[in-house]
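To find a chain, count down the sequence lines: A is the first, B the second, and so on, and within it residues start at 1.
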There are 2 protein chains.
Amino acid sequence: MSKTETDFSQRTIEYDDLLAKFKDLLKKNGYKYTIQREVILETLYNCDEHLTPESLHQRIKELYPELKTGIATVYRTLALLETSDMVTSLSFGAQGKKYELGAKEHHDHMICTSCGEITEFVDAAIEARQHDIAKELGFLMQDHSMQIYGICKSCQEKGK
Amino acid sequence: MSKTETDFSQRTIEYDDLLAKFKDLLKKNGYKYTIQREVILETLYNCDEHLTPESLHQRIKELYPELKTGIATVYRTLALLETSDMVTSLSFGAQGKKYELGAKEHHDHMICTSCGEITEFVDAAIEARQHDIAKELGFLMQDHSMQIYGICKSCQEKGK
DNA sequence: GTCGCTGCAAAGTCTTTGCAGAGAG
DNA sequence: CTCTCTGCAAAGACTTTGCAGCGAC
């Protein structure tokens, strides 16, 4: 890693590989491949923001109006993907859950409380400490998440 | 701090001080002191768990049945307290938000994915790193939260 | 062909709001 | 007294479910 221990890289998987993984998952569990499911996966892949079920549905309706994908299918597919650890949900503050593809490297979130922008980061020192703490508390650690809230650079400048 | 950098201490304020702070807050903002509001604050204070609005309401109905406190008042008071930074809300996984009194020292959460138990902790090394990261990203840091998910000791033993 | 999947609409949850009477200041 | 707060019930927002027809395998 570079001069700091903090890393801001993101995607680690090509879409084709992701899709293959998804089809595999479906097959293994006796689920069927459908165009709606692929479109949901693809839209999540092509989107850098964190999406609510509602905004994901909106986006799909714009991109694939001919599919007339229902919101229920979006919810059902997100639940399926989350159960299979292919997407992760986050719930910040008041508004409901937001989803993101889990096909990225593990990372934490820095959230601007002014504009809502979410920046991702990973920090080796923190990751290591988390493992230690879980150990100290006798926990078998499975996962973790961290959020830092603040005002992002551009909002600070706007605020002037 | 002691032999490790991690600290598990909790409450930092006496109830009387907390109540005084609350009354102050009410006065400053032109709100009125009511018994319902105090009871909500007191119940949060006397409870070590993280409560949902529903479970808080339940508990109040049991402790003060003569008040017939409505759930709407619980929601309204929690919103008031949260806006004033006297309580903090957490939203883990699927279930709705849980609230805790902000009158404790800052701390993070370790959550058992099996029994739902929440353990609190603070770690100086992580706290320091968070500040550094915010700085690196040009963020004016306001707050942060961290959760570690895993299986707690007693669930590991039960699992055997 | 079979059986799971989908869209739609209806049903659930959880949370907020409108209102008239109660109560704090 | 005034004006906010409360409980109740109704309304909203967000999710899930039931069902009949469609489509993957």
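- Residues B:Leu18 and B:Leu41 form a side-chain contact, since some pair of their non-hydrogen atoms from C-beta on lies under 4.5 Å apart.
- Between B:Val39 and B:Leu63 there is no side-chain heavy-atom pair separated by less than 4.5 Å.
- Residues forming a salt bridge (charged side-chain N to carboxylate O under 4.0 Å, His left out) with A:Asp132 (at least two apart in sequence, or on another chain): A:Arg129.
- Taking atom CG of residue A:Leu80 and atom P of nucleotide C:dC5, one finds them 8 Å apart after rounding to whole Å.
- Rounding to the nearest 0.5 angstrom, the gap separating the CZ atom in B:Phe22 from the OH atom in B:Tyr45 is 15.0 Å.
- Rounded to an integer number of Å, the gap from CG of A:Leu56 to C1' of D:dC14 is 15 Å.
- Listed in residue order, the members of residues 24-32 of chain A having a heavy atom less than 4.0 Å from DNA chain C are A:Tyr31, A:Lys32.
- Listed by chain and residue number, A:Leu51, A:Thr52 satisfy the side chain to side chain contact (heavy atoms under 4.5 Å, CB included) test with A:Ser55 (two or more places apart in sequence, or in another chain).
- Residues meeting the side chain to side chain contact (heavy atoms under 4.5 Å, CB included) test with A:Tyr99, sequence neighbours left out: A:Pro53, A:Leu78, A:Glu82, A:Val87, A:Ser89, A:Lys97.
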*Reading DNA chain D 5' to 3', how would its secondary structure be written in dot-bracket notation, given Watson-Crick and G-U pairs with both distances under 3.5 Å, brackets [ ] for crossing pairs and | for partners on other strands?*
|||||||||||||||||||||||||
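- Residues meeting the side-chain hydrogen bond (donor to acceptor under 3.5 Å, both in side chains) test with A:Glu38, sequence neighbours left out: A:Tyr15, A:Tyr33.
- For the side-chain hydrogen bond (donor to acceptor under 3.5 Å, both in side chains) test, no residue two or more places apart in sequence or in another chain qualifies with A:His57.
- Legend: residues meeting side chain to side chain contact (heavy atoms under 4.5 Å, CB included) with B:Lys135, ordered by chain and number and at least two apart, are absent.
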Detail all sub-3.5 Å separations between protein N/O atoms and N/O atoms belonging to nucleotides 16-18 of chain D.
none

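- B:Asp123 contributes a side-chain N or O that, together with a main-chain N or O of B:Ala125, makes up a donor-acceptor pair within less than 3.5 Å.
- Side chain of B:Gln130 to main chain of A:Ile126: no donor-acceptor pair is present (N/O by atom type, distance under 3.5 Å, no hydrogens or angles).
- Atom C1' of nucleotide C:dA24 and atom CD of B:Glu38 are separated by 14 Å, given to the nearest angstrom.
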*In sequence, state the C-alpha distance, the side-chain angles, and the governing distance for A:Asp24 and A:Lys28, and then conclude on salt bridge (Lys or Arg N to Asp or Glu O under 4.0 Å).*
CA-CA 6 Å; A:Asp24 226 51; A:Lys28 265 195 206 120; 3.4 Å; yes
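- Between A:His57 atom NE2 and C:dG7 atom C1' there is a gap of 9 Å when expressed in whole angstrom units.
- Mapping B:Tyr33 and B:Glu54 onto DNA chain C by nearest heavy atom places B:Glu54 at the nucleotide closer to the 5' end.
- Phosphate contact (OP1/OP2 of C:dC5, side-chain N/O of A:Thr73, threshold under 4.0 Å): absent.
- Rounding to whole angstrom units, CZ of residue B:Arg37 and C1' of D:dT6 are separated by 9 Å.
- Within a heavy-atom distance below 4.0 Å of DNA chain C, the residues of residues 61-69 of chain A found are A:Leu67, A:Lys68, A:Thr69.
- In terms of the side-chain hydrogen bond (donor to acceptor under 3.5 Å, both in side chains) criterion, B:Arg37 has no residue partners (sequence neighbours excluded).
- Partners of B:Arg76 by side chain to side chain contact (heavy atoms under 4.5 Å, CB included), not counting sequence neighbours, listed by chain and number: B:Ala72, B:Thr73.
- Computed from coordinates, the B:Leu78 CG to C:dT15 C1' distance equals 12 Å when rounded to whole Å.
- Regarding contacts with the backbone of D:dG7, a side-chain N or O of B:Gln36 is found under 4.0 angstrom from either OP1 or OP2.
- A straight line from CD of B:Gln58 to P of C:dC14 spans 13 Å, rounded to a whole angstrom.
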